[in-house]
Amino acid sequence: MKEEIAVAIDDLTVAYNYKPVLWDIDLTIPKGVLMAIVGPNGAGKSTLIKAILGIIKPIAGSVSVFGKPYKEQRQLVAYVPQKGSVDWDFPTTALDVVLMGTYGGLGWVKRPGKTEKKAALEALEKVGMLPYKNRQISQLSGGQQQRIFLARALVQNAEIYFMDEPFQGVDATTEKAIINILKLLRKAGKTVIVVHHDLQTVPEYFDWVTFLNVKKIATGPVKDIFNNENLIKTYGINYQVSVQE
Amino acid sequence: MTILEYIELLFNDYTLRTITLGTAILGAVCGMLGSFAVLRKQSLLGDAISHAALPGIAIAFLITGAKDSNTLLLGALISGLVGAFWIKTIITKTHLKSDTALGLILSLFFGVGMLLLTFIQKQPNANQAGLDKYLFGQAATLLEKDVWFMTMVTGVCLVVLLLFWKEFKLLLFDADYTKTLGFNIKFLDTLITSFIVAAIILGLQTVGVVLMSAMLLAPAAAARQWTNSLAIMVGLAATFGTFSGVIGTGISASYPNLSTGPVIVLVASVFVLVSFIFSPNRGLLFKEIRFRQNRNDLKLHKTLSFMYDIAKTHKDVDHPHSVKILNNFHGYTKKSLHKLEQENLIVVTGTNWSLTMKGFEKAKNLYNQHVETND
């Protein structure tokens with residue numbers, strides 16, 4: 001069976017000031033994978049996601065989603081930013097933040113109505129946050145805030161999900177809850193791309209992996225390419241990790 | 001003058017009515033837009049823009065020689081926008097942080113403005129007097145047409161805010177995410193910034209360049225204390241702003257030689273002060289009260305659980321023990337003993353205390369910490 005390609009990236013190059021952060025990235029992500037992007041600090045993992053989503057303007061390169069330019073396919077793509085990227089003291093409730101996920105589908109000016117609210121409540125239910133729907137967001141714990149962000153992406157009802165370190169600063173229970181949701185998404189045929197830090201859990205959580213350090217080192221199924229050779233290429237010679245066989 | 005007399009005057013005196021209406025509308029629009037400035041973390045941008053407007057006023061006067069407020073405010077608008085644009089350029093093109101860029105532009109433009117003002121004042125031209133009113137504002141010079149103009153601008157702001165409410169809220173909370181949903185954040189950002197600039201320009205005549213940013217920030221900062229909803233915050237800020245304007249004008253009209261602008265700003269600051277102290281959830285007073293209450297409760301629980309540990313070594317729960325054994329225990333005070341007695345958790349007889357059944361049960365279930373004991 002021929003694989004359908006969800007995201008295709010060609011010659012993507014990004015630089016802040018003079019130094020390139022991403023150099024000439026070519027990457028194809030097949031539909032239906034749960035993929036980790038791994039690499040050391042400063043490897044450009046978050047930048048890669050932001051460049052794909054057009055938050056950062058690349059110097060060169062193109063991104064296509066299901067064969068068409070990303071700009072025409074926005075509705076198919078959802079994004080979970082890093083939790084620390086927003087001010088959680090913003091005057092709003094958990095439900096309200098999740099509702100924001102419906103704004104893209106609504107377009108300009110139109111306000112969310114009953115349908116949107118129902119979808120938002122369902123998403124809150126999925127991440128186990130329904131009892132907190134009217135809570136002011138600053139009163140949520142770090143793990144709960146991460147779940148709210150996940151719910152906001154779920155409500156977008158997209159085909160492809162980009163997540164920037166969703167496991168950062170969450171406890172074991174929340175991590176399990178999140179990974180279960182990601183696995184459900186994959187089961188439903190969605191494509192999920194996650195910036196990930198904990199190498200130990202890569203084989204357990206993901207079926208696809210991309211090694212990144214300014215350049216793309218390798219990409220493919222975890223069982224084929226998640227090995228010491230690629231880890232050393234990405235993290236340097238002194239890096240040791242026990243890879244599950 | 002009593003309040004009643006003042007209100008009567010307000011309805012009969014044309015000038016006072018115009019000024020009060022003007023400051024009220026100014027307060028409303030500033031409060032509304034100030035909420036957005038505060039939440040967009042651009043509190044100081046307003047300050048920089050208002051200071052940057054000063055050279056524009058001076059240059060407009062030098063070129064036209066006229067003191068018509070529309071011409072001067074147009075000059076203010078242009079130099080305010082130039083200042084804002086420079087600040088944004090400095091932030092994106094250099095490694096300087098935004099506070100440095102704001103400070104630089106603010107002082108530079110204000111310095112040039114002051115220089116030009118002094119220069120103008122030395123000119124042999126009778127027309128130049130009164131230009132310095134733009135420094136601290138002079139509400140008395142508000143005319144009916146100024147008020148109409150303010151009303152129009154406020155109306156336009158209100159309509160646009162309501163129209164793009166959802167988009168603005170999204171942008172304020174999470175700009176990157178807004179972009180991924182396909183909204184043009186440059187457009188939204190420009191819209192907000194231009195409104196803030198417009199509000200500042202409107203206020204220059206009344207409050208002046210130096211104090212203008214307080215009109216934007218004070219009502220918003222006060223409103224934030226009372227609510228966790230954006231809509232209510234914006235509404236409250238507009239209300240606080242309106243009352244600051246009306247009350248400030250009232251006070252300054254009731255006493256001789258009180259300039260309106262500074263009084264309005266002081267009234268707005270009183271709103272801030274009261275909100276910081278007395279608002280129920282975020283206010284300092286209730287925070288402190290809750291903090292002490294919690295500490296006292298914990299102390300009491302600590303004493304009770306200490307007593308429980310002693311009591312459970314005896315066969316009967318109500319076996320009396322000497323108060324003395326509590327003396328070297330940290331959570332114990334005479335007051336806490338008294339309070340425990342009041343709540344029927346213990347009985348005190350002479351210098352002895354004993355746990356009641358209620359006290360024993362409560363201590364046993366306290367945070368479930370004694371569940372696994374071996375009795």
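Below, chain A is the first sequence line, B the second, and so on; all start at residue 1.
Proximity of a side-chain donor or acceptor of B:Lys41 to a complementary backbone N or O of A:Asp87 within less than 3.5 Å is not detected. Judged purely by atom type and a 3.5 angstrom limit, B:Lys179 uses its side chain to pair as donor or acceptor with the backbone of A:Ile55.
Side-chain contact check for A:Val97 versus B:Tyr177: every heavy-atom pair is 4.5 Å or farther apart. Using a 4.5 Å heavy-atom threshold, the side chains of A:Thr92 and B:Met233 count as separate. The side-chain heavy atoms of A:Pro91 and B:Ile232, taken from C-beta on, include no pair separated by under 4.5 Å. Residues A:Lys50 and B:Asp176 form a side-chain contact, since some pair of their non-hydrogen atoms from C-beta on lies under 4.5 Å apart.
The greatest number of non-hydrogen atom pairs below 4.5 Å with chain A, out of B:Ser229, B:Ala175, B:Ala231, is found for B:Ser229. Between chain B and the options A:Phe162, A:Tyr79, A:Trp108, heavy-atom pairs under 4.5 Å are most frequent for A:Trp108. Your options are A:Ile56, A:Leu53, A:Val109, A:Asp96, and the one with the most heavy-atom pairs under 4.5 Å with chain B is A:Val109. Of the listed residues (A:Gly105, A:Gly104, A:Pro112, A:Ser85), the one with the most heavy-atom contacts under 4.5 Å to chain B is A:Gly104.
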Given side-chain contact (heavy atoms from CB on, under 4.5 Å), test B:Asn228 with A:Phe90 step by step and report yes or no. CA-CA 8 Å; B:Asn228 281 326; A:Phe90 191 80; over 6 Å; no
Under the criterion side-chain contact (heavy atoms from CB on, under 4.5 Å), I'd like the reasoning laid out for A:Met100 against B:Lys166: C-alpha separation, chi angles, the key distance, then a yes or no. CA-CA 8 Å; A:Met100 289 176 184; B:Lys166 165 182 117 229; over 6 Å; no
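Rounded to the nearest 0.5 Å, atoms CD (A:Gln139) and CG (B:Asn281) are 7.0 Å apart.
Within a 6.0 Å radius of CH2 in A:Trp23, other residues, nucleotides and ligands contribute 12 heavy atoms or fewer. Heavy-atom neighbours of B:Phe183 CZ from other residues, nucleotides or ligands within 6.0 Å: above the threshold of 12. Other residues, nucleotides and ligands place more than 12 heavy atoms under 6.0 Å from the CH2 atom of A:Trp88.
In this structure, the portions of B:Leu230 lying under 4.5 Å from any heavy atom of chain A include both its backbone and its side chain. Both the backbone and the side chain of B:Leu172 come within contact range of chain A, with heavy atoms under 4.5 Å apart.
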